[in-house]
Number of protein chains: 2
Amino acid sequence: MKKTSTVVTMADVARSAGVSTMTVSNVINGRPRVGAETRERVLAAIAELGYQVNLAARHLRAGRTGVVGLAVPELERPYFAQLAGRLADRFEAHGLRIVVERTGASRQGELDAVVFSRLRMYDGLILSVVDLDPAELTQMRTDAPVVMIGERALPSKFDHVMMDNIDGARQATAHLLATGSRRIVLLGGDPDGGASMTGLRAEGYSLAHADAGIETDPDLVVRSSFRFEDGYDAIRSLLDRKIGFDGVFALTDVVAIGAIRALADAKLRVPDDVQVVGFDDVDEARFLVPSLTSINPGHDEMADAICELLIRQLKDGPTDEPEELVVPAHLVERQTTRPHTN
Amino acid sequence: MKKTSTVVTMADVARSAGVSTMTVSNVINGRPRVGAETRERVLAAIAELGYQVNLAARHLRAGRTGVVGLAVPELERPYFAQLAGRLADRFEAHGLRIVVERTGASRQGELDAVVFSRLRMYDGLILSVVDLDPAELTQMRTDAPVVMIGERALPSKFDHVMMDNIDGARQATAHLLATGSRRIVLLGGDPDGGASMTGLRAEGYSLAHADAGIETDPDLVVRSSFRFEDGYDAIRSLLDRKIGFDGVFALTDVVAIGAIRALADAKLRVPDDVQVVGFDDVDEARFLVPSLTSINPGHDEMADAICELLIRQLKDGPTDEPEELVVPAHLVERQTTRPHTN
DNA sequence: TTGAAAGCGCTAACAT
DNA sequence: ATGTTAGCGCTTTCAA
């Protein structure tokens, strides 16, 4: 009895099987040059002792973990939770695990923490940038494979997969206009949001109005956060202030759901009195009553692209010429908007 | 120019600042015995070189990472996504990060993978057990702090925080009976589910019927998976088969949402024709139209307990006498059920 | 086919 | 207040 700790190391296995640690390592990693009988002995010892590899040690030495990090603003937002699920499926097919962590969205310090520190635990990182400006982006010096998601094109050395925020928002707004809405609330929007998701979707809202030759009313632009209650509160406040409207473009489906609840409380009918379009086409959307018209940002295409780009970096090392990909968005018409009349 | 790699190590910082690596380590970890001027030099060097600690190395040496793992069956299920958010908040207050990974629920091999291997990357693990039987549970030999979530009491050496699945389900069903439903669908249930969540909630359903002296009808027990469409499909199939019912107890809110959509398609009114109660009280529930009556499994109490138990293990080492905690559940009455008539 | 030696980057324990 | 030594558990390299 020399060891008191119950942690079993490779050396323990080696001793028990009467071989060197190298041979154990070779067996575990499926390397070829190991005798059949030796392999058996080693496997038996592993099973008997309940040995588990220490990933930290492997990572330290070999520089890989088989783990890909996914950093998102909030874990509970359906869009990101569903994205995580889709990515997990795809990476699993490549023998890689996804682990998810949150950045906290706004606080840029959070984000740095992920990129500058945690990255070292992963073979690669998928980073959903929310409120990161180009200056910070270029500061990130790292050799590790990184794929960025979201927002507008930014000068950076990272592969970057984007949804088409502007065009998606334009389609949503255009649809509301085409089906008869004239006073459309921009819910959650921030016209000064610049290259953030908020700013881009607000831009699409303006574009659609310009295309249709219809003025926008600043009173109808309501900023909010992105939880259910934020959408609810925003619409409530609009109603309390007696500001009239006949359509809502919600910047996310979650906010749209909150908005619809507020409309119901006010006895306003959807879509008869007020039409609503969301953005994200989360799984919830098609099961709501009425089901939610939304913008599908190209879920599967995005997940495919993200996975493919990261896998490529994992193989070939960091990219020299970062790829910048914009996945097309499309409207999914459901019951919170009226059919076209024309 | 000796190094070609761009990875900056502590040794690089030490050289640049003209100190030993130990001093750099002391500065980084905020240990006291460092001169003010030396600290400045070191911090300057860190900033200049863009140094980041290598967590794998720290973990290997110090045995801690500042990271707590959370393993859940599916990343996209709102209950787990929202749980992850709550836990992240709490652990953040203790200077710890949460990272989330999925086990895949059913495949026990997935689960083992987490427990036996990934665990080594974390200071502790929170494991949501879904389909794990006691035998496997006792096999897990590990010194690392582990807190289990969910399901029924199981003999194990781990701290275990449970929601009261049986009583929650009993309350849900009792409420349906008390408000006039007599033929209540058990949606997603599996009476043979044993100690799984499914089996426990089915048990509560039976209990409530027994309490009320009302027979259950096996035709009304419909198994399903836990996605929106599973709830939808299950109700559709019941309607197609002309099996009459006037209430639905859905094993999760997600399934309930799918069910309500199917009822709407069949022109059945909720709650007038069919009452619906879900389980989980996810954020979505109160914003739906009609808002969803559900069982709140004690979200905050659970998160508090989980955090507290893990933190304690982190401090004191693995528990000798594992704690087993059952958090009470309570009904949240909303619009998918009728008010009490008595 | 197998093993010995070296060292990945860091920190605990012990000098100085 | 700072430095030296040793070694965490693994894998790479090279030798047997």
Side-chain angles (χ1 to χ4, degrees), chain A residues 3-42 45-46 49-66 116-121 123 143-144, chain B residues 2-43 45-46 49-66 116-121 123 143-144:
Chain A
K3 293 190 65 134
T4 56
S5 164
T6 67
V7 179
V8 181
T9 73
M10 219 175 226
D12 297 325
V13 175
R15 201 174 309 122
S16 162
V19 297
S20 75
T21 62
M22 242 354 273
T23 302
V24 178
S25 175
N26 286 333
V27 169
I28 285 171
N29 293 283
R31 281 184 277 257
R33 334 195 129 261
V34 181
E37 189 236 355
T38 312
R39 163 172 281 107
E40 293 312 315
R41 276 218 317 290
V42 170
I46 288 174
L49 300 177
Y51 169 76
Q52 336 155 24
V53 288
N54 181 326
L55 282 187
R58 170 184 289 177
H59 185 34
L60 180 56
R61 180 66 237 213
R64 66 192 153 66
T65 52
F116 283 86
S117 159
R118 303 297 334 292
L119 185 45
R120 296 300 199 80
M121 293 277 267
D123 290 352
D143 282 347
Chain B
K2 286 211 307 223
K3 291 186 67 124
T4 58
S5 162
T6 68
V7 180
V8 181
T9 73
M10 222 176 223
D12 297 326
V13 175
R15 202 173 308 123
S16 163
V19 297
S20 76
T21 61
M22 231 10 256
T23 302
V24 177
S25 175
N26 286 333
V27 169
I28 285 171
N29 293 283
R31 283 185 276 256
R33 335 195 127 263
V34 181
E37 188 236 356
T38 313
R39 163 173 280 106
E40 293 311 315
R41 276 218 317 287
V42 171
L43 289 174
I46 287 174
L49 300 178
Y51 168 76
Q52 335 155 23
V53 288
N54 181 326
L55 283 186
R58 170 183 289 174
H59 185 33
L60 181 57
R61 177 65 237 212
R64 62 190 158 69
T65 52
F116 283 85
S117 159
R118 304 296 333 294
L119 185 45
R120 296 301 199 79
M121 292 278 268
D123 290 353
D143 283 347

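Proteins come first, then strands; the chains are lettered A, B, ... in the order of their sequence lines, and each starts at number 1.
- Going from atom CG of N54(B) over to atom P of dC8(C) covers 12 Å, rounded to whole Å.
- Applying the side-chain contact (heavy atoms from CB on, under 4.5 Å) criterion to S25(B), with sequence neighbours excluded, gives M10(B), M22(B), N29(B), R31(B).
- I46(B) places a side-chain heavy atom less than 4.5 Å from the side chain of I28(B).
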Worked check of side-chain contact (heavy atoms from CB on, under 4.5 Å) between R41(A) and V19(A): CA-CA 9 Å; R41(A) 276 218 317 290; V19(A) 297; 3.5 Å; yes
Sequence-aligned protein contact record of nucleotides 11-16 of chain C, with B where the base is within under 4.0 Å of a protein heavy atom and S where only the sugar-phosphate is: BBB---
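- Partners of R61(A) by salt bridge (charged side-chain N to carboxylate O under 4.0 Å, His left out), not counting sequence neighbours: none found.
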Test log, rule side-chain contact (heavy atoms from CB on, under 4.5 Å), inputs R33(A) and N26(A): CA-CA 8 Å; R33(A) 334 195 129 261; N26(A) 286 333; over 6 Å; no
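- Across every non-hydrogen atom of A14(A) and S20(A), the tightest pair is CB-C, 3.6 Å.
- Contact check of residues 32-41 of chain B against DNA chain D (heavy atom, cut-off under 4.0 Å) returns R33(B), V34(B), G35(B), T38(B).
- When all heavy atoms of L49(A) and V8(A) are compared, the closest pair comes out as O-CG2, 3.4 Å.
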L60(A) vs N54(B), side-chain contact (heavy atoms from CB on, under 4.5 Å): CA-CA, chis, key distance, verdict: CA-CA 8 Å; L60(A) 180 56; N54(B) 181 326; 4.3 Å; yes
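- The 5' end of DNA chain D is approached more closely, in terms of each residue's nearest nucleotide, by G18(B) than by the other of L60(B) and G18(B).
- Evaluation of the salt bridge (charged side-chain N to carboxylate O under 4.0 Å, His left out) rule for R58(A) yields no partner, not counting sequence neighbours.
- For the pair D12(A) CG and dG9(D) P, the computed distance is 9 Å after rounding to whole Å.
- The overall bend of the helix from dT1(C)-dA16(D) to dT16(C)-dA1(D), read as the angle between its terminal helix axes built from five base pairs each, is 30° when rounded to 10 degrees.
- When side chains are defined from C-beta on, V27(A) does not count as touching V24(A), because their heavy atoms never get closer than 4.5 Å.
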